[in-house]
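Report on one structure; see the data block that follows.
Here is the naming used below: chain letters follow the sequence lines, and residue numbers restart at 1 for every chain.
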Amino acid sequence: MFVLAPEMTSTLQGKNTAGQVLADQDPKAARQAVAARNNGRLLDLSAPVDPQAELTPVLPGDPEALEVLRHSAAHIMAEAVKELFPGVKVAIGPAIEDGFYYDFDYERPFTPEDLPAIEDKMREIVKQNASFECEAWDRGKARQHFADQGEQFKVELIDGLEAEEVGIYRQGGFTDLCRGPHLPSTGRLGAFKLTSVAGAYWRGDEKRPMLSRIYGTAFFDKKELKQHLALIEEAKKRDHRKLGRELELFSFHDEIGAGLVVWHPRGMILRTIIENLERSEHLKRGYSMVQGPQILKRELWERSGHFDNYRENMYFTEVDEVAYGLKPMNCLAHMLIYKSKLRSYRDLPLRLFELGLVHRHEKSGVMHGLTRVRAFTQDDAHLICRPDQLETEILGVMAFVTDFMELFGFEYSLELSTRPEKSIGSDEDWERATAALTKALITSGKKYDINEGDGAFYGPKIDFKLTDALKRSWQCATIQCDFTLPERFELSYIDRDGEPKRPVMLHRVILGSIERFIGVLVEHYAGAFPLWLAPEQVRVLTVTERADEWAQEITQALIDADLRAEVDLRNEKLGAKVREAQMMKVPYMVILGDREVEERQLTPRLRNGKNLQSQTLEKFINLLKEEQAEPMRLLRQRAREGRGTEG
RNA sequence: GCCGGCGUAGCUCAGGGGUAGAGCAGCUGAUUCGUAAUCAGCAGGCCGUUGGUUCAAAUCCUACCGCCGGCUCCA
């Protein structure tokens with residue numbers, strides 16, 4: 001039950017508090033409220049309100065409520081840690097997407113074994129039900145307070161603030177610099193759990209000290225916490241690294257090296273389906289296929305700027321005493337293809353597409369299954385065009401990306417990334433490039449965020465972040481505008497007026513890395529691929545060996561019809577065969593017993609456990625063919641419509 | 001690269017100073033069976049690699065390699 005602690009009112013300036021006003025408006029809501037919304041701001045219930053503006057309660061179902069709860073949980077955790085580990089220094093502790101964390105500096109890093117004791121201490125604090133009290137302190141006083149306690153991180157934070165007054169929150173014996181708002185009291189923290197420990201640099205800067213971070217999550221009630229933990233379990237089941245092994249798609253090997261994928265037959269057929277689709281879709285959209293070599297002379301990388309700006313990510317070697325670099329990007333060969341003959345303004349845009357294998361030296365701690373590797377294949381293209389064609393080309397790529405995202409059932413969001421610190425090219429070129437991307441974004445009418453300083457070293461970019469079935473987001477497509485490489489490689493075309501002009505270039509990928517994309521796809525579909533992508537589309541199962549002959553005939557007919565079918569003639573019970581096909585997530589099984597043999601029919605079983613009516617082989621093949629072709633039909637239809645609107 | 005955890009059979013995991021274990025998978029045989037595991041037998045390991053401590057190391061310590069969770073970076 002929520003009651004304003006009497007001492008809290010003493011800090012107020014004689015005004016009505018949010019809690020009191022809410023209690024007058026709606027006593028029931030006031031009791032449940034964790035904070036209040038007033039004048040577009042979130043307030044503590046103990047805070048004075050602007051009487052002119054509307055006041056609404058923040059109730060447990062609201063998204064902001066969870067943030068308040070988790071932020072308060074972080075404070076409670078910090079108090080617990082300070083009590084248990086004297087001398088520990090606190091850094092920052094925000095609420096995050098699905099929980100909270102707090103960073104600490106202690107004589108040793110925390111380990112998972114420390115967590116139960118911290119949780120127990122937190123429960124004690126929750127039981128004490130101390131109120132969260134907010135005070136506004138003069139910055140000098142606050143600075144002195146934290147300096148006296150040796151809390152150098154807090155001091156640094158205060159020094160970075162502009163305001164003359166800073167917010168100070170207290171609960172029990174713990175005082176923290178904080179903007180708030182917080183729960184009325186610690187007792188309102190319903191269900192929480194500390195989940196992991198990790199190292200984290202102070203302010204995310206590699207050059208600054210590494211702190212010890214404790215992650216946790218919190219909810220209003222135990223049921224929600226349980227659901228959340230179940231969701232994490234579900235995500236684990238979908239983990240592409242686990243499914244990749246179980247479904248025999250790919251593997252990694254110590255003996256081969258970190259971040260280097262080995263594709264097994266089932267994974268390779270999946271890749272091939274996607275790559276073949278890419279090839280045909282690119283050809284249909286006016287691209288040409290090309291391919292460059294894996295190693296190119298270092299001198300060329302120096303010329304492009306990669307040696308100066310990307311060296312630490314590259315692998316170098318020597319051939320006959322000449323230095324070579326293994327390609328981390330595909331653009332150089334494409335530049336030379338452009339330069340191989342004189343180009344007319346009529347030839348543009350030139351769209352060069354390459355499924356290019358690139359190698360990048362990633363730091364040892366960052367590899368992650370297929371989503372972060374050291375060798376990967378980009379569905380890369382370079383669009384070399386006249387300046388007046390730039391916007392149309394960008395829009396064309398955006399439409400291409402949209403078509404593919406819809407094909408796989410992904411949502412996505414857009415980000416515009418601007419000039420980074422380490423970069424090449426003139427200010428004017430960066431401005432022109434950024435303006436072109438911005439203009440295309442505006443024309444497209446799509447919403448986008450701006451990511452300052454996150455562009456490639458040679459140009460700004462639009463990134464597409466796709467969201468998978470578990471609401472996680474992944475970088476896939478990117479469009480990068482580049483005025484610099486055409487300059488460095490002295491690309492030109494002869495314009496209408498007979499004068500040589502400098503073209504502009506776009507770097508772009510649609511799926512990004514085929515490896516990463518397949519990793520994301522595996523998790524998105526939980527390994528149960530739609531028919532057109534399934535490595536094995538049909539498995540033919542016999543009840544007894546009397547059906548062997550019919551089974552082999554059917555299997556061959558399916559293969560002849562370009563379907564991916566396998567047959568299980570083993571001396572096993574049908575239940576065992578079904579189970580194995582089910583675990584491999586094969587979309588269709590075909591059951592063959594004496595009945596089917598006699599009638600020259602087959603009984604299809606779907607992945608969801610349902611049987612279809614027994615039917616002829618011809619009918620079954622038609623069914624599969626149609627289901628397989630449907631996504632492609634929709635893709636082509638969308639592509640045609642898209643082209644129409646672009647003119 | 002940094003912080004923490006981990007590395008035992010193809011897979012999932014037990015064993016934690018006295019010389020290696022289970023289930024599943026594999027192989028062999030029997031069984032001919034109707035929708036998520038038929039039965040029996042057999043075989044399988046330089047306990048990630050390398051140094052060291054010890055009479056003795058899968059077990060304790062060093063360093064490498066790799067994996068997992070984060071940080072930083074990124075397709």
message = From C-beta outward on A:R516, which listed nucleotide comes closest to its side chain: B:rC74, B:rC71, B:rG34?
response = B:rC74

inquiry  = Mind checking if A:N611 touches a base, just sugar-phosphate, or nothing, with heavy atoms under 4.0 Å?
reply    = base

key: Nearest listed nucleotide, side chain of A:M583, among B:rG66, B:rG5, B:rA36   = B:rA36

ask   = Is the shortest side-chain N/O distance from A:R546 to OP1 or OP2 of B:rU32 below 4.0 Å?
value = no

Closest to side chain of A:E206, choosing from B:rU72, B:rU32, B:rU38 = B:rU72

key: Side-chain-base donor-acceptor pair under 3.5 Å for A:Y201 and B:rG1   = yes

key: For B:rG23, the Watson-Crick or wobble partner whose two distances fall under 3.5 Å   = B:rC11

task = Return no unless some side-chain N or O of A:H253 is found under 4.0 Å from OP1 or OP2 of B:rC67.
result = no

query = So what does A:E362 hit on the nucleic acid, given a heavy-atom distance under 4.0 Å: a base, only sugar-phosphate, or nothing?
reply = base

message = Between A:R245 and B:rU12, is there a contact of a side-chain N or O with OP1 or OP2 at under 4.0 Å?
response = yes

request  = Could you pick out which residue, A:L211 or A:K573, lies toward the 5' side of RNA chain B when each is mapped onto its nearest nucleotide?
outcome  = A:L211

inquiry  = Can you confirm if the NZ or CZ of A:R70 lies within 45° of the ring axis of A:F219 and under 6.0 Å from the centre of its six-membered ring?
reply    = yes

inquiry  = Over all strands shown, is A:K236 touching base, sugar-phosphate only, or nothing at heavy-atom distances under 4.0 angstrom?
reply    = nothing

inquiry  = Using whole Å, what does the distance between atom C1' of nucleotide B:rU32 and atom CG of A:L541 come to?
reply    = 16 Å

message = Taking A:R203 first and then A:D205, would you say they form a salt bridge - that is, a charged N and a carboxylate O separated by under 4.0 Å?
response = no

query = Of the nucleotides B:rG34, B:rU38, B:rC71, which one has an atom closest to the side chain of A:M210?
reply = B:rC71

Sugar-phosphate, base or nothing in reach of A:V358, heavy atoms under 4.0 Å = nothing

message = Nearest to the side chain of A:I591, heavy atoms from C-beta on, is which of B:rG1, B:rA36, B:rU35?
response = B:rU35

request  = Could you point out which residue of A:I510, A:D463, A:V401 forms a side chain to side chain contact (heavy atoms under 4.5 Å, CB included) with A:T478?
outcome  = A:D463

query = Taking a pair as Watson-Crick or G-U wobble with both distances under 3.5 Å, which nucleotide is matched to B:rC39?
reply = B:rG29

task = Determine the Euclidean distance between corresponding P atoms of B:rG48 and B:rA9; express it in Å to zero decimal places.
result = 8 Å

task = Please figure out whether A:S513 or A:S196 has its closest RNA chain B nucleotide nearer the 5' end.
result = A:S196

Salt bridge flag under 4.0 Å for residues A:E572 and A:R579 = no

message = So if I take every side-chain heavy atom of A:R372 and compare against B:rC74, B:rG4, B:rC71, which nucleotide ends up nearest?
response = B:rC74

message = Can you tell me the base-pairing partner of B:rC64? Count Watson-Crick or G-U wobble geometry only, both distances below 3.5 Å, and say none if there is no partner.
response = B:rG48

key: Nearest-nucleotide pick for A:Y215, side chain only, options being B:rC71, B:rG69, B:rU32   = B:rC71

inquiry  = As a test of reading the structure: which of B:rG70, B:rU35, B:rG4 is closest to the side chain of A:A198, going by heavy atoms?
reply    = B:rG70

Value in whole Å for how far the C1' atom of B:rA37 lies from CE of A:M584 = 16 Å

remark   = Any strand, both distances under 3.5 Å, Watson-Crick or G-U wobble: B:rC55 pairs with B:rG18

ask   = Hey, does the side chain of A:R213 come within less than 4.0 Å of B:rG4's phosphate (OP1/OP2), counting only N and O?
value = no

message = I need the CG-P distance between A:D548 and B:rC33, as an integer number of Å.
response = 13 Å

ask   = Just checking A:G365: base, sugar-phosphate only, or nothing, at a heavy-atom cut-off of under 4.0 Å?
value = base

More than 12 heavy atoms from other groups under 6.0 Å of CD on A:Q152 = yes

inquiry  = At less than 3.5 Å, do the side-chain atoms of A:E113 and the base atoms of B:rG5 form a donor-acceptor pair?
reply    = no

message = Out of the candidates A:Y310, A:F307, A:W301, only one should pair with A:F316 under the ring-ring contact (aromatic ring centres under 6.0 Å, His included) rule; please name it.
response = A:F307

key: Sugar-phosphate, base or nothing in reach of A:V366, heavy atoms under 4.0 Å   = base

task = For A:S614 and A:T603, test the side chains for any donor-to-acceptor distance below 3.5 angstrom and give the result as yes or no.
result = yes

task = Among the candidates B:rG34, B:rG69, B:rG7, find the nucleotide nearest to the side-chain atoms of A:R241.
result = B:rG69

query = Could you give the CH2-to-C1' distance, from A:W474 to B:rC73, as a whole number of Å?
reply = 15 Å

key: Spacing between A:E255 atom CD and B:rG10 atom C1', to the nearest angstrom   = 13 Å

task = Select one nucleotide: of B:rG1, B:rG69, B:rA37, the one nearest the side-chain heavy atoms of A:R579.
result = B:rA37

ask   = For A:K363 and B:rC3, what is the distance between atoms NZ and P respectively, to the nearest whole Å?
value = 13 Å

key: Touch class at under 4.0 angstrom, heavy-atom based, for A:D594 against every strand present   = base

task = Determine the contact category for A:E572: base if any of its heavy atoms lies under 4.0 Å from a base atom, sugar-phosphate if only primed atoms, P, OP1 or OP2 are that close, otherwise nothing.
result = base

inquiry  = Could you tell me the Watson-Crick or G-U partner of B:rG69, where both distances fall under 3.5 Å? Say none if there is no partner.
reply    = B:rC3

query = Less than 6.0 Å separating the ring centroids of A:F85 and A:F104?
reply = no

Rounded interatomic separation in angstrom, taking CZ from A:F250 and P from B:rG10 = 20 Å

